[in-house]
Enquirer: 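Next up is a structure, given as structure tokens.
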Amino acid sequence: MIRAENIAKKYGDFVAVDGISFEVQRGESFGLLGPNGAGKSTTMKMIAAVSTRTSGNLEVLGMDPNTDGPAIRSQLGVVPQEDNLDQELRVRENLITYGRFFGMSHAAVAKRADELLEFAQLTDRAKSKVEPLSGGMKRRLTIARSLMNDPQMLLLDEPTTGLDPQARHILWDRLFRLKEQGTTLVLTTHYMDEAEQLSDRIVVVDKGAIMAEGSPAQLIRQYSSKEVLEVRYGSDKNSTVAKSIADVGERQEILPDRILIYSDNGERDLAEITKRGHHPMTSLVRRSSLEDVFLRLTGRSLVE
Amino acid sequence: MTSVADIMADADKPRRWGWWYVTELRLREMRGYVSYVVTSSFANPLMYLLALGIGLANLIPEGMDGVPFLVFVAPALLMSTILTIGAEEGMYPVLSGFKWHKIFFAIHATPVTPGQIVGGFLVHLTIRFTFTAGVFFGFLILFGAVPLASGWVMIPISILGAFSILTPLGAYAARLEDDTGQFALIQRLVVMPMFLFSGTFFPLSQVPDWLEWVGWVSPLWHATQLGRTFSYGAIEPMWLSATHLVVLVAYSAIGGYFMHRSFVARLTK
């Protein structure tokens with residue numbers, strides 16, 4: 001569906017995307033994971049054939065976005081980072097007018113709009129204005145809108161940023177259904193849990209470049225340990241304590257508020273630390289996550 | 001779910017009809033403020049005609065340019081009303097589509113191109129201007145301010161005039177990151193002086209020489225003069241009438257060209 005070779009986007013001297021390469025297959029769910037400003041949205045815009053790339057080769061559905069923009073866009077569904085619903089129209093009208101842009105007939109858009117209102121659980125809000133909808137509802141409406149043309153590929157830029165946990169889970173459920181139906185999903189996120197939930201394959205991007213690529217499980221296996229022990233001694237003491245427990249576990253990250261100890265057995269390490277007389281204020285043993293992968297790769301955390 | 005085949009009646013359709021879908025959208029949006037458009041379309045001419053056409057006209061019993069003052073001022077009132085709306089539509093609605101409502105970005109995510117967005121936007125405004133100018137013209141007939149049947153030509157002239165100011169402003173507004181008072185400044189330093197010094201209430205020849213250029217660069221003066229020729233048959237050399245038309249077309253065409261460029265630049269950034 002997508003083949004990107006060394007694509008770059010520059011704004012004057014500023015390099016937003018610095019020559020990245022990746023491929024996305026039909027039916028795949030592909031995630032771009034990285035912090036804000038990593039170049040994810042710019043990459044998405046180039047794929048969506050709305051931002052002209054500065055250099056590199058890019059093929060979307062076998063066509064070049066720089067020259068075949070309208071044809072490519074006719075096959076895509078796009079969920080932008082910021083909702084750009086039409087505030088002057090009602091909920092259902094937003095779907096109807098959007099479907100028209102794809103050349104669908106009045107009858108077809110009406111039918112499709114009703115189906116998608118159902119899918120987005122917004123049927124009872126069909127005649128409502130957009131503005132009073134909750135953040136989660138607006139997001140679902142934006143997703144419904146992106147599906148009007150029954151797209152071959154759905155592009156989601158930070159789909160759940162700014163939503164409360166419950167709204168995120170409803171949304172993930174809807175997206176998961178699309179994935180099950182075989183829709184190709186490409187999403188960007190700076191939430192590792194979102195990337196884990198929705199992506200078969202992930203590239204980790206930072207500062208416009210790709211740092212690593214693989215399935216969530218592969219990435220964790222490759223760049224992190226099985227378990228992570230988190231201990232807190234209070235912000236003043238963390239670094240002092242860290243020195244005397246430096247040999248515990250496979251690797252450590254000393255963050256301002258806590259120490260992360262990577263190992264295959266967190267409980268054993270916690271016992272070891274306690275035996276040495278360093279009783280943490282709080283401790284937690286958890287599975288490794290993509291957050292740890294990102295920290296390992298860049299020395300920074302995803303959400304700053 | 002409905003299959004692609006059902007939905008995509010024709011992959012080429014948006015290529016040909018994209019502009020119309022944009023017009024459709026704008027018309028549908030207009031439902032939200034249609035009462036405003038209708039009310040102002042009726043109230044504006046009524047107020048103007050009562051205040052200037054009747055009130056002021058009584059103070060100038062000898063008329064102007066060889067016709068009653070009401071007849072003299074009527075084309076100017078129509079033109080300035082439509083051109084002022086044109087100026088308004090070229091500012092906030094354009095910036096808003098990029099900045100606040102971001103609706104232009106939403107449309108551009110579909111097969112519709114920036115050129116079609118501009119096209120649909122202008123077609124919708126043509127419909128709106130035709131309505132407002134039509135109502136205004138109706139009032140002019142009612143007040144006996146348009147003596148000639150050829151007066152209806154003022155309607156297309158007013159629309160051309162509106163575009164001659166709308167498109168350059170649209171080209172500018174589409175490149176703005178934010179409105180930090182620019183629009184208010186344009187309103188006060190461009191639109192308002194244009195209204196005052198374009199031979200609106202008195203012939204341009206009455207304006208001090210050093211201010212006469214305002215009329216010459218003002219689309220309003222050209223539109224008004226052209227309107228007067230068609231309305232009461234104001235006498236001016238043929239070349240001058242042709243100049244009015246050329247100036248209005250040039251403003252609209254050059255403005256339209258740059259408006260399109262601004263939209264492309266903003267939407268494909």
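Sequence lines set the chain letters: A, B, ... in the order given, protein chains first and strands last, and positions in each chain run from 1. These values consider heavy atoms only, across backbone and side chains, with no hydrogens, waters or symmetry-generated copies.
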Enquirer: How about CD on A/E82, more than 12 heavy atoms from neighbouring residues, nucleotides or ligands closer than 6.0 Å, or not?
Expert: no

Enquirer: Kindly indicate, with the supporting measurements, whether the criterion side-chain contact (heavy atoms from CB on, under 4.5 Å) is fulfilled by B/E29 and A/L89.
Expert: CA-CA 6 Å; B/E29 286 173 343; A/L89 300 180; 3.9 Å; yes

Enquirer: Are B/V22 and A/F101 packed together at the side-chain level, in the sense that at least one heavy-atom pair is separated by less than 4.5 angstrom?
Expert: yes

Enquirer: Rounded to the nearest 0.5 Å, how far apart are CG of B/L25 and CD1 of A/I96?
Expert: 12.0 Å

Enquirer: At their closest point, which heavy atom of B/P111 faces which heavy atom of A/P70, and how far apart are they?
Expert: O-CB, 3.4 Å

Enquirer: Quick check on the interface: out of A/L76, A/T42, A/V50, who has the most heavy-atom pairs with chain B under 4.5 Å?
Expert: A/V50

Enquirer: Considering all heavy atoms of both residues, which atom of A/N84 and which atom of B/I103 are nearest to each other, and what is their separation?
Expert: O-CD1, 4.2 Å

Enquirer: Which bit of B/F104 comes within less than 4.5 Å of chain A, counting heavy atoms only: side chain, backbone, both or neither?
Expert: neither

Enquirer: Let me confirm one number: the CD1-OG1 distance from B/I107 to A/T97, rounded to the nearest 0.5 Å.
Expert: 8.5 Å

Enquirer: Hey, does A/R100 have a side-chain heavy atom less than 4.5 Å from the side chain of B/R28?
Expert: no

Enquirer: Quick one: are A/Q87 and B/W100 in side-chain contact, heavy atoms under 4.5 Å?
Expert: no

Enquirer: Are more than 12 heavy atoms from other residues, nucleotides or ligands located less than 6.0 Å from atom OH of B/Y36?
Expert: no

Enquirer: Mind checking the CZ-CZ spacing from A/R90 to B/R31? Nearest 0.5 Å is all I need.
Expert: 10.0 Å

Enquirer: Any side-chain heavy atom of B/T110 sitting closer than 4.5 Å to one from A/N149?
Expert: no

Enquirer: Please give me the minimum heavy-atom distance between B/V112 and A/R73, naming the atom from each residue.
Expert: O-NH2, 3.3 Å

Enquirer: Determine whether more than 12 heavy atoms belonging to other residues, nucleotides or ligands lie under 6.0 Å from atom NZ of A/K207.
Expert: no

Enquirer: Does a sphere of radius 6.0 Å around NZ in A/K45 hold more than 12 heavy atoms from other residues, nucleotides or ligands, not counting ones at 6.0 Å or beyond?
Expert: no

Enquirer: Rounded to the nearest 0.5 Å, what separates atom OG in A/S74 from atom NZ in B/K13?
Expert: 13.5 Å

Enquirer: Search all heavy atoms of B/K269 against all heavy atoms of A/S51 and return the closest pair with its distance.
Expert: O-OG, 2.9 Å

Enquirer: Tell me, for A/R145 versus chain B, whether the close heavy atoms (under 4.5 Å) come from the side chain, the backbone, both or neither.
Expert: side chain

Enquirer: Taking all atoms of both residues into account, what is the closest heavy-atom pair of B/A109 and A/Y98, and its distance?
Expert: CB-OH, 3.7 Å

